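Input: a single structure, listed below in structure tokens.
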Amino acid sequence: MLGLFGKSITPIKEVLEAKPLNKMVTVAGWVRTRRDSKAGVSFVELSDGSHIRPLQLVIPITLENSGRDLPRLHPGTSLLATGLLIPSIGKGQELELQVEEFGILGPSDPESYPIQKKRHSFEFLRSYPHLRPRTNTFGSVFRMRSRLFFQIHRFFQERGFYYISTPIITQSDCEGAGELFRVKGQSESGEEFFGRPTYLTVSGQLELEAFALSLGKVYTFGPTFRAENSFTTRHLSEFWMVEPEVAFLDLYGLIGLAEEFMRHLLSTTLIESREELEFFDRWVSAGLIKGLEESINKEFVIMPYEEVIRVLCESKEPFQYPVHWGVDLKTEHERYLTERYVKGPVFVIDYPKEIKPFYMKLNPDGKTVRAMDLLLPRWGEIIGGSQREEELRTLMERMEELKMDMDRYWWYLDLRRYGSAPHSGFGLGFERLLLYLTGLNNIRDVIPYPRTPNTIVV
RNA sequence: UCCCCGGUAGCUCAACAGGCAGAGCGGGUGGCUGUUAACCACUAGGUUGCUGGUUCGAGUCCGGCCCGGGGAGCCA
């Protein structure tokens, strides 16, 4: 598939996995390090990004261009090399390429190239979002990110879900989902491009509900925007969100779907990103793999909010935020619940309506809604969802309570006027999932080009 | 938005209580070695974030600003 100058190039991933011993192989990639040996060879670690491990090249000083080009093989230099793949003579790697011909494709000035062959701080690498994927850590993050993307689509597609492209530019502000970015055209007169105020989407959920109530099982997975001025390790102004929405499904069915979904992502990641996880476990987050394996083997417990409050009140824990019926759960409460009480994943359901959005289905008690949050040990909330209010009158009453502009939701109310049906859905912040799975601390390190308040590097 | 910490060589960081701005890594040169974050020697490299002030003297103290990090709140 890859080729240059009439030569077919083998990805290093393929070389390492298929091990075509004693065959001539051509590889291309970027130099990680070079170690010169006076035994007449130079050792070059070459990485092409296809695999976490580099390939060791052994380049003799006797080659025609060695005298000129070997000293130029600084970190970051791109290189094309052909040679015989043999079992490594030295320790530390199984294979090596006995190079017979090589050429520099693009040099790299060691005086100015920012990525050195040493560990850099995450903070420093954040200022080079275009170069950091060349490092082990970020290469691993973005390979995992891609696989996870595919597994999410695969999970839903295999279960008969249809993928819906919900709009990026919207009118609805999805009440309570945070601050919005305004979208305007270039018009100098200040007129609205669409004739009315428009925003970047904060969630595809409302638009998606229409498709659940027509195609049945649907999901959306796209970029989402929040103009919230929160600069933390868990917030981005632009992030990706997965949102399934299913007709004829109640809260308990939704919980089953969410659990199956999490188990699928955990188990496939543990298998197909094993080497990356081992890398993170060793260098970034000790005990990562053990924690993920424990999560997958634990039973997912279901607890109503009321019971959670009772447990927290009876715990005698010195919580900083006092607990009583009606409060939202803080980090300290979630951690006590998942790590000390349940010791595993928990679905908390039936929250007070006051702390949840208007579209969640009201319970018969009139004061709680059919919401569910999945809380994970050492992490907190990873998934939030609910059964949706399908009764027109109840929904309108709720919107009135919240003083919402009913006219702007005419289409949403239509879904309850014509063939309304019970339906449910949840949302999952993709980058937060990636943080959980990689053990990294900062959400800016799991998205290629992070956007946060006041900061946009590339 | 609020609270805390930081900004010194390309990178990671030192510099007591205001007194000649340093080390390791990286770069260059030489040596050594089937090398593994290689090793040894030498060497180059600085407007201490910007700005105003206090002082005989400021990296260090004070004011303002800029940038970065962490936490809280809000959320996904």
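Note on naming: letters A, B, ... go to the chains in the order of the sequence lines (proteins, then strands), and numbering restarts at 1 for each one. All values below were derived from every heavy atom in this structure, side-chain atoms included, with hydrogens, water molecules and symmetry-related copies excluded. Just so it is clear, the model here is predicted, and its values are computed rather than measured.
Within 4.0 Å of A/Leu236, counting heavy atoms only, lies at least one base atom of the nucleic acid. Heavy atoms of A/Phe122 sit nowhere under 4.0 angstrom from any nucleic acid atom. A/Ser121 comes within contact range of the sugar-phosphate backbone alone, with a heavy-atom separation under 4.0 Å but no base atom that close.
Atom pair A/Leu329:CG and B/C74:P shows a separation of 12 Å (rounding to whole Å applied). Computed from coordinates, the A/Asp109 CG to B/G10 P distance equals 14 Å when rounded to whole Å. Rounded to an integer number of Å, the gap from CZ of A/Arg234 to C1' of B/A72 is 13 Å. Per the geometry, CD belonging to A/Gln205 stands 15 Å off C1' belonging to B/C75, to the nearest Å. Rounded to a whole Å, the CZ atom of A/Arg335 is 10 Å from the P atom of B/A72. Atom CG of A/Asp328 and atom P of B/G73 are 11 Å apart (whole Å). Counting to the nearest Å, the P atom of B/C75 and the CD atom of A/Glu334 are 12 Å from each other. Atom pair A/Tyr321:OH and B/G71:C1' shows a separation of 11 Å (rounding to whole Å applied).
B/G57 and B/C66: their C1' atoms are spaced 28 Å apart (whole Å). Spacing between B/G34 and B/G6 at atom C1', rounded to whole Å, works out to 45 Å. Taking atom P on both B/C2 and B/C16, the two are 33 Å apart, rounded to the nearest angstrom. For B/C20 and B/A58, the C1' atoms lie 14 Å apart once the distance is rounded to whole Å. Between B/A21 and B/U48, the distance separating the two P atoms is 10 Å to the nearest Å. A distance of about 39 Å separates the C1' atoms of B/G19 and B/G30, rounded to the whole Å. Taking atom P on both B/A23 and B/U36, the two are 26 Å apart, rounded to the nearest angstrom. B/G69 sits 15 Å from B/C11 when the P atoms are compared, rounded to a whole Å.
Within the 3.5 Å criterion, the main-chain N or O of A/Arg335 finds no donor-acceptor partner in the side chain of A/Arg340. For A/Thr135 (side chain) and A/Arg132 (main-chain N/O), a donor-acceptor pair under 3.5 Å exists by modelled atom type. Judged by distance alone, with hydrogens and angles left aside, the side-chain atoms of A/His235 form no donor-acceptor pair with the main-chain N or O of A/Pro453 at under 3.5 Å. For A/Arg143 (side chain) and A/Gly49 (main-chain N/O), a donor-acceptor pair under 3.5 Å exists by modelled atom type. Judged by distance alone, the side chain of A/Gln387 and the main-chain N or O of A/Pro422 form no donor-acceptor pair under 3.5 Å. Not a single donor-acceptor pair under 3.5 Å links the side chain of A/Arg182 to the backbone N or O of A/Leu200.
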- Task: Would you give a per-nucleotide map of nucleotides 22-35 of chain B, 5' to 3', where B means the base has a protein non-hydrogen atom under 4.0 Å away, S means only the sugar-phosphate does, and - means neither?
- Result: --BBSSS---BBBB
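Taking 4.0 Å as the cut-off between side-chain N and carboxylate O, A/Glu278 and A/Arg274 count as a salt-bridged pair.
The aromatic rings of A/Phe122 and A/Phe138 sit perpendicular, their planes meeting at an angle over 60°, well past the 30° parallel limit. Note: A/Phe300 and A/Phe347 have tilted aromatic rings, judged against thresholds of 30 and 60 degrees for the angle between ring planes. Note: A/His264 and A/Phe155 have tilted aromatic rings, judged against thresholds of 30 and 60 degrees for the angle between ring planes.
A sub-4.0 Å separation between OP1 or OP2 of B/C74 and a side-chain N or O of A/Lys330 is present.
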- Item | A/Phe181 vs A/Tyr199, ring pair (Phe, Tyr, Trp, His ring centres under 6.0 Å): CA-CA, chis, key distance, verdict | CA-CA 5 Å; A/Phe181 285 100; A/Tyr199 313 90; over 10 Å; no
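In terms of polar N and O atoms assigned as donor or acceptor, the side chain of A/His120 never comes within less than 3.5 Å of the base of B/C11 in a complementary pairing.
Nearest-nucleotide assignment on RNA chain B puts the 5′-proximal partner with A/Trp283, out of A/Trp283 and A/Phe239. Of the two residues near RNA chain B, A/Gly92 and A/Ser112, the one whose nearest nucleotide lies more 5' is A/Ser112.
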Detail all sub-3.5 Å separations between protein N/O atoms and N/O atoms belonging to nucleotides 66-69 of chain B.
unit_1, atom_1, unit_2, atom_2, d
B/G68, OP1, A/Thr455, OG1, 3.1
B/G68, O2', A/Glu123, OE2, 2.7
B/G69, OP1, A/Arg126, NH1, 3.3
B/G69, OP1, A/Arg444, NH1, 3.0
B/G69, OP2, A/Arg444, NH1, 3.4

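A distance of 10.0 Å separates CZ in A/Arg234 from CD in A/Glu381, rounded to the nearest 0.5 Å.
Ring centers of A/Phe156 and A/Phe221: at least 6.0 Å apart, outside the cut-off.
Stem regions annotated for RNA chain B: B:1-7 with B:66-72, B:10-13 with B:22-25, B:27-31 with B:39-43, B:49-53 with B:61-65, counting only runs of 3 or more consecutive pairs of Watson-Crick or G-U type with both contacts under 3.5 Å.
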